[in-house]
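Data block below; observations after.
Predicted model, so just to flag it, every value in this text is computed and none were measured.
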Amino acid sequence: MTANANLFARFEAGFVRDACFLESAHTPTHTYRDLDAWTARAANTLVELGLRPGDRVSVIAEKSIGALWLFLGCLRAGCIYQPLNPSYTENELSFFLTDAGSRLVICDPALASRVGAASIDCSELEHVLTLDPQGQGSLAELWRDADPNFETATSSTEDIAALLYSSGTTGRPKGIPLTHGNLYTNAVDLMKTWAFSKADVLLHVLPIYHVHGLFVVLGPALLAGMRVRFLSRFDPEAVIEALPGATIMAGVPTYYTRLLRSTAFGRETCASVRVFISGSAPLSEATFRRFYERTGHTILERYGMTETGINNSNPLSGARKPGSVGPPLPDVSLRIADDAGAPLGVTEIGNIEVQGGNVFSGYWRLPETHAEAFTNDGFFRTGDQGYLDDDGYLFIVGRSKDMIISGGLNVYPKEVEREIESFAAVDEVAVFGVPHDDYGEAVVAVVVEKDGAQFDEADAIDALKVKLAGYKVPKRMLVIDEMPFNSMGKVQKSRLRDRFNDLFGCRTSA
């Protein structure tokens, strides 16, 4: 008999029922036995609503224990979980829900009107339910009396477990289906690489609408059967209070720069921590060194993306090189290639390509993009550029797709440019990222005014806040006389970055 490849079944195999799973400042402690019961209630509720394996469940809610039960309940029922950022606008949500073909949408009650308007054209949608951060709402009313026993659905490694979206360089978001096999392979690799065990306590401060908080740290933690200290959001004071007793913390670089601003943060605060992990955005060498000087801890940086999970990690034992994301994980094949696909040698900069069980198989309902995304021999073209040193450590030097990562979240310039181009006073626009001490990169736009028009920065930013999620809105919008074009008529964004590199008083490390 073939073993069940359902990700939850893989997690469940290592549970110690009476061991503590989850602790939070404002709720009772939950054991792994509680996890089993609450996720069974969630799964039974989905089945009673008529959902079947493969149906999409879209969740637009703040981080909460209830949202965590829902994610795991979706796995158990064989449904496809689609987490969405609660800050998305009506237009953005409309695309995501329609493109995914959502059968069920669960949202925070405060977002109900926005979600209702966004889902008008979602022809496959049958239910809209609510769940608030306190565990209340129409969904919670249904699952409160549901059966706390559920036989986890049988899934293959190729069955889709989650559907996430990442904007493309054309501005159209693309769905990224991740299978039970993708997520399990990566979780096993990370559990081994970072030596997660039942003795660990994970301080979980990341959002769970994002790969980093939902899969990268929770996956190996659940496989290991460890304790999770669950904070609803990142707040420096709350983190400093919660760190004693924790052994692992993962975050984006912004978290570490904000902790360093607090005089209360130091060696004593994190004496119990054995590893701090950073990802989702480049960690500056300055932050890397300042953190070590303050705490004695060397931050462990890793590299991944939504399509692949984690590809590389600096070692737990061994050199953690500043500026490097370390060697590939055991089950990941990584190579550097030139634009013609030929492999490059040590220290030669080229395109980063990866292959492995962690890598998705293609974009949702976009078969025509497969040849562009994958090489003939099955390597995924990440769109990032870098080189490998003599020790096999990867150094990333840039993103060929021109993506901006601000506060750990992906921003694609074309999507922002398209909105700015609609403004009456704008003749030309270019959007790019520049260094920022807090966000890693800040989104900046430069515009050329139409003849006789006058562009107002404050009014433009206010208008964009209605059309785009807050993290995509430029921090500054500046008027310039003319765009720097190359001979092919393309805007030379490298020249713009150089010109405005110190706009926020922060320059990248050499």
What distance separates Leu84 CG from Ser102 OG, expressed to the nearest 0.5 Å?
7.5 Å

His180 versus Thr157, side-chain donor and acceptor atoms under 3.5 Å:
no

Roughly how far, to the nearest 0.5 Å, is CD1 of Ile352 from CD1 of Ile396?
5.0 Å

Partners meeting side chain to side chain donor-acceptor pair (under 3.5 Å) with Thr287 (sequence neighbours left out):
Ser284

Any donor-acceptor pair under 3.5 Å linking the side chain of Arg56 with the backbone of Gln82?
no

Under the 6.0 Å and 45° cation-pi test, does Lys475 pair with Tyr439?
yes

Decide if the gap between the ring center of Phe504 and the ring center of His436 is smaller than 6.0 angstrom.
yes

Is there a side-chain contact between Tyr209 and Val59 (heavy atoms, below 4.5 Å)?
no

Minimal non-hydrogen separation, Leu46 against Ala77, with atom names:
CD1-CB, 4.2 Å

For the residue pair Asn91 and Thr89, confirm or rule out a side-chain donor-acceptor distance under 3.5 Å.
no

Spell out, as yes or no, whether a donor-acceptor pair under 3.5 Å connects the side chain of Asn6 to the backbone of Leu75.
yes

Would you say Glu237 has more than 12 foreign heavy atoms packed within less than 6.0 Å of its CD?
no

Yes or no on side chain to side chain contact (heavy atoms under 4.5 Å, CB included) for Asn351 and Gln385, after CA distance, side-chain angles and deciding distance?
CA-CA 5 Å; Asn351 302 311; Gln385 294 185 313; 3.3 Å; yes

Which heavy-atom pair separates Ser64 from Pro133 by the least distance, and what is that distance?
CB-O, 3.5 Å

Would you say the side chain of Val57 lies within less than 4.5 Å of the side chain of Cys74, judging by non-hydrogen atoms?
yes

Hey, could you give me the CG/CG distance between Leu206 and Leu218, rounded to the nearest 0.5 Å?
9.0 Å

Between Arg258 and Asp438, does any NZ, NE, NH1 or NH2 come within less than 4.0 Å of an OD or OE carboxylate oxygen?
yes

Are Glu126 and Arg103 close enough for a salt bridge, meaning some N to O gap below 4.0 Å?
yes

Is there a donor-acceptor contact under 3.5 Å from the side chain of Glu449 to the main chain of Gln454?
no

Take the angle between the ring planes of Phe360 and Phe374 and call it parallel below 30°, perpendicular above 60°, tilted in between.
tilted

Heavy atoms of Asn4 and Ser155 approach each other most closely as OD1-N, 2.9 Å

Under a 3.5 Å threshold, yes or no: a donor from one side chain and an acceptor from the other, between Asn149 and Asp147?
yes

Pair Leu104-Ser58, side chain to side chain contact (heavy atoms under 4.5 Å, CB included): steps then yes or no
CA-CA 6 Å; Leu104 167 66; Ser58 302; over 6 Å; no

Could you walk me through whether His204 and Phe230 satisfy the ring pair (Phe, Tyr, Trp, His ring centres under 6.0 Å) test, starting with their C-alpha distance in whole Å, then the side-chain angles of each, then the deciding distance to 0.1 Å, before giving a yes or no?
CA-CA 5 Å; His204 194 290; Phe230 204 67; 5.4 Å; yes

State, to 0.1 Å, how close Ile80 and Ala162 come at their nearest heavy-atom pair, and which atoms those are.
CG2-C, 3.9 Å

Parallel, tilted or perpendicular: which one describes the rings of Phe8 and Phe15, with boundaries at 30° and 60°?
perpendicular

What is the distance from atom CG of Leu7 to atom CD of Glu12, rounded to the nearest 0.5 Å?
11.5 Å

Under 4.0 Å between a Lys/Arg side-chain N and an Asp/Glu carboxylate O for Glu62 and Arg233?
no

What's the separation between atom CE in Met477 and atom CG in Leu464, rounded to the nearest 0.5 Å?
5.0 Å

Test log, rule side chain to side chain contact (heavy atoms under 4.5 Å, CB included), inputs Val473 and Val443:
CA-CA 7 Å; Val473 176; Val443 182; over 6 Å; no

Check: Pro148 main-chain N/O paired with Trp38 side-chain donor or acceptor under 3.5 Å
no

Can a donor-acceptor pair be found, under 3.5 Å and without considering hydrogens, that links the side chain of Ser119 to the backbone of Cys122?
no

Ring-plane angle category for Phe234 and Tyr255, please: parallel below 30°, perpendicular beyond 60°, tilted otherwise.
parallel

My understanding is that only one of Thr382, Asn186, Asn358, Asp189 makes a side-chain hydrogen bond (donor to acceptor under 3.5 Å, both in side chains) with Asn311; could you say which?
Asn358

More than 12 foreign heavy atoms under 6.0 Å from NZ of Lys465: is that the case here?
no

Could you measure the distance from the CG atom of Asn44 to the CG atom of Leu142? Nearest 0.5 Å is fine.
12.0 Å

Minimum heavy-atom distance Leu131-Ile106, with the two atoms named
CB-CG2, 3.9 Å

Any Leu478 side-chain heavy atom under 4.5 Å of Leu503 side chain
yes

Okay, side chain of Thr39, backbone of Gly73: is any donor-acceptor separation there less than 3.5 Å?
no

Salt-bridge criterion met for Arg76 and Asp36 (N-O under 4.0 Å)
yes

Angle between ring planes, Tyr165 versus Phe95, binned at 30° and 60°: parallel, tilted or perpendicular?
perpendicular

Stacked cation flag Lys174 on Tyr363, 6.0 angstrom / 45 deg
yes

Taking the side chain from Tyr32 and the backbone from Met226, do they hold a donor-acceptor pair closer than 3.5 Å?
yes

Between Thr130 and Ser138, is the side-chain hydrogen bond (donor to acceptor under 3.5 Å, both in side chains) condition met? List the steps.
CA-CA 5 Å; Thr130 59; Ser138 55; 3.2 Å; yes

Let's go through Glu482 and Arg495 carefully: what are the C-alpha distance in whole Å and the side-chain angles of both, what is the deciding distance for salt bridge (charged side-chain N to carboxylate O under 4.0 Å, His left out) to 0.1 Å, and is it a yes or a no?
CA-CA 12 Å; Glu482 61 180 8; Arg495 291 178 56 185; over 6 Å; no

Salt-bridge test for Glu23 and Arg229: reply yes if a basic N is under 4.0 Å from a carboxylate O, no otherwise.
yes

Non-hydrogen atoms of Gly213 and Ile208 that approach each other most closely:
O-CG2, 4.1 Å

Examine distances only and state if a side-chain atom of Asp502 and a backbone atom of Gly505 form a donor-acceptor pair shorter than 3.5 Å.
no

More than 12 heavy atoms of other residues, nucleotides or ligands under 6.0 Å from CD of Glu124: is that the case?
yes

Would you say the side-chain atoms of Arg114 pair up with the backbone N or O of Pro86, donor to acceptor, closer than 3.5 Å?
yes

For the pair Phe96 and Tyr88, name the ring-plane relationship: parallel under 30°, tilted 30 to 60°, perpendicular over 60°.
tilted

Stepwise side chain to side chain contact (heavy atoms under 4.5 Å, CB included) check, Glu441 with Val434:
CA-CA 5 Å; Glu441 286 184 299; Val434 299; over 6 Å; no

Under 4.5 Å between any side-chain heavy atoms of Val444 and Phe432, yes or no?
yes

Salt-bridge contact Lys472-Glu92 (side-chain N to carboxylate O under 4.0 Å)
yes

Short side-chain to backbone donor-acceptor contact, Asn182 and Val359, under 3.5 Å:
yes

